[in-house]
Amino acid sequence: MEDVSGDRGVLKEVIRPGKGGKVPCDATVILKYSGYLEHADKPFDTSCYRRHPKMMKLGEDITLSGMEIGLLTMQRGELSRFLFSPKYAYGTLGCSPLIPPSATVLFEIELLDFLDTAESDLFCALSPEVQATFSLDKIIKIAGTEREFGNYLFKRNRFYDARDRYKRASSVLSCKASCEEERKLLEAAQLFVALNLSLTYLKLERPSRALKWGEKALSIDNRNTKALFRCGLACLEMREYDKARNYLLKAQWLEPYNPEINNELKRLSSCYQDYMDKEREMCFLMFRSLSMRH
């Protein structure tokens, strides 16, 4: 096994090589791992059975120094086996009742992906006064990193985590532009984040919030088909059928052959018909009840 700590405290064996660059310091890593005591067949700790892979930030979330050292040597997609001496694992005391004193432990780690979020994490930790001293180019870049992170999480159905990253991006972009050119750049970035949040809230089944962010997108670009469509979906879920129809017809006018829009208009028609049928039935029962009293 390769000595990656320089004192043979962390030894590494690559089982499956990865691709690309190695993990940078302060990155957020997405991984699976299993930890074993020496000569044990079953792990004392594993993340492999979780629905979503573990997401951890270097320097904050990882308690074993050996794991942090090992991760900094890994590439995307890599699967490796590490041997940590007590100094780089649980120390001389261990961690009762699972880890005995002065235990050497073996970890198998699969690095699924990583995102270099150090710059954006540092920015978000600053006070608003200090953030305001940054250039607009830097602010848009940081917001883009947050949005990229949100997109990564969204694609893996981690909608609550994605929402939090999109909201961070929105907060970063809450600064004021100093000229018309900056205003256009800022609004272009804000539009993407508003669209992301509208879709995310639809996935979270919170249509009122989805409508809010969809309308924010429309305040920037009132001809944005995605924003109109998502506002229509939100209103449909809230049974505000007239507003839903208005949004969806505007979207259809912009993209008449879009199958998603046309299918939702059909669904709206069906929902509205069911709603009217139930209204008529309720009116009939109410009037029949009144007539029977007389």
Side-chain angles (χ1 to χ4, degrees), residues 120 124 128 131 136 139-140 142-155 157-272 274-276:
S120 61
C124 291
Q131 290 179 0
L136 184 64
I139 288 171
I140 289 175
I142 290 166
T145 300
E146 289 295 321
R147 180 171 172 264
E148 180 186 344
F149 200 171
N151 291 344
Y152 178 90
L153 295 164
F154 184 93
K155 289 174 184 176
N157 298 326
R158 300 176 66 151
F159 301 125
Y160 283 103
D161 291 330
R163 177 204 60 186
D164 292 344
R165 285 291 168 171
Y166 291 142
K167 289 185 78 172
R168 278 182 62 165
S170 178
S171 178
V172 168
L173 294 169
S174 62
C175 59
K176 293 182 179 180
S178 60
C179 62
E180 182 64 16
E181 183 181 354
E182 283 196 353
R183 183 188 66 80
K184 290 180 180 179
L185 290 171
L186 194 58
E187 286 188 345
Q190 290 170 338
L191 175 63
F192 285 122
V193 176
L195 289 170
N196 289 140
L197 277 164
S198 182
L199 181 58
T200 302
Y201 276 116
L202 284 172
K203 293 291 186 181
L204 292 173
E205 298 181 355
R206 296 185 62 186
S208 63
R209 303 293 295 174
L211 179 61
K212 173 196 167 183
W213 285 101
E215 288 177 337
K216 181 172 177 61
L218 289 173
S219 72
I220 299 170
D221 177 9
N222 62 7
R223 291 170 58 87
N224 188 282
T225 308
K226 288 181 178 179
L228 289 166
F229 180 64
R230 289 166 193 174
C231 285
L233 289 181
C235 290
L236 181 53
E237 293 303 315
M238 293 188 290
R239 299 183 181 180
E240 296 183 10
Y241 297 128
D242 289 336
K243 286 181 69 175
R245 184 173 182 273
N246 184 43
Y247 282 124
L248 291 173
L249 284 176
K250 286 180 179 178
Q252 187 189 51
W253 186 80
L254 292 168
E255 293 187 18
Y257 302 110
N258 186 310
E260 285 187 291
I261 297 171
N262 292 327
N263 287 337
E264 289 304 320
L265 277 166
K266 290 177 184 176
R267 184 164 76 95
L268 169 63
S269 179
S270 175
C271 290
Y272 187 74
D274 289 343
Y275 169 77
M276 292 304 296

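Just so it is clear, the structure is predicted and the values come from calculations on it, not from any experiment.
- Under the 4.0 Å criterion applied to side-chain N and carboxylate O atoms, Arg183 and Glu180 are assigned as salt-bridge partners.
- Among all heavy-atom pairs drawn from Gly150 and Ala162, the shortest one is O-CB, 3.4 Å.
- Of all the heavy atoms in Ala227 and Gly214, the pair that sits closest is CB-O, 3.8 Å.
- Between Val193 and the choices Arg147, Lys216, Lys167, the side chain to side chain contact (heavy atoms under 4.5 Å, CB included) rule is met once, by Arg147.
- Nearest heavy-atom pair, Trp213 versus Ser170, reported as atom, atom and distance to 0.1 Å: CH2-OG, 3.5 Å.
- Ser269 contributes atom OG, which lies 11.5 Å from atom CG of Leu248 (distance to the nearest 0.5 angstrom).
- Judged by distance alone, the side chains of Asn262 and Tyr257 never bring a donor and an acceptor atom under 3.5 Å apart.
- Taking a 6.0 Å sphere around NZ of Lys226, one finds it holds 12 or fewer heavy atoms contributed by other residues, nucleotides or ligands.
- For the residue pair Ser120 and Thr145, the shortest heavy atom distance occurs at OG-CG2, 3.9 Å.
- Across all non-hydrogen atoms, the minimal contact from Ala143 to Ala169 is O-CB, 3.7 Å.
- Here CG of Asp161 is found 8.0 Å from CZ of Phe149. Values are rounded to the nearest 0.5 Å.
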Steps toward side chain to side chain contact (heavy atoms under 4.5 Å, CB included) verdict (Tyr166, Asn151): CA-CA 9 Å; Tyr166 291 142; Asn151 291 344; 2.6 Å; yes

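- Residues Arg163 and Arg206 meet the side-chain proximity criterion, which asks for heavy atoms closer than 4.5 Å.
- Counted within 6.0 Å of CZ on Phe154, heavy atoms from surrounding residues, nucleotides or ligands total more than 12; the atom is thus considered enclosed.
- No side-chain heavy atom of Arg209 sits under 4.5 Å from any side-chain heavy atom of Leu204.
- Taking CD1 from Ile140 and CD from Gln190, the interatomic distance works out to 9.0 Å, rounded to the nearest 0.5 Å.
- With respect to Lys184 and Glu181, no salt bridge is recorded, no charged nitrogen being found less than 4.0 Å from a carboxylate O.
- The two atoms that bring Ile220 and Leu191 nearest to each other are CD1-N, 3.8 Å, heavy atoms only.
- The line from CG of Leu254 to CD1 of Ile261 is 8.0 Å long, rounded to the nearest 0.5 Å.
- Of the possible donor and acceptor atoms, one in the side chain of Ser174 sits under 3.5 Å from a partner among the backbone N and O of Ser171.
- Atom-to-atom distance recorded for Arg267:CZ and Leu236:CG is 4.0 Å, nearest 0.5 angstrom.
- Tyr247 and Glu215 are linked by a side-chain donor-acceptor pair at a separation below 3.5 angstrom, with hydrogens and angles left out of the test.
- Rounding to the nearest 0.5 Å places OG of Ser198 at 8.5 Å from CG of Leu233.
- Counting heavy atoms from C-beta on, the side chains of Cys175 and Gln131 never come closer than 4.5 Å.
- A donor-acceptor pair under 3.5 Å is formed between the side chain of Arg230 and the backbone N or O of Leu195.
- Under a 4.0 Å N-O distance rule, the pair Glu237/Lys203 does not qualify as a salt bridge.
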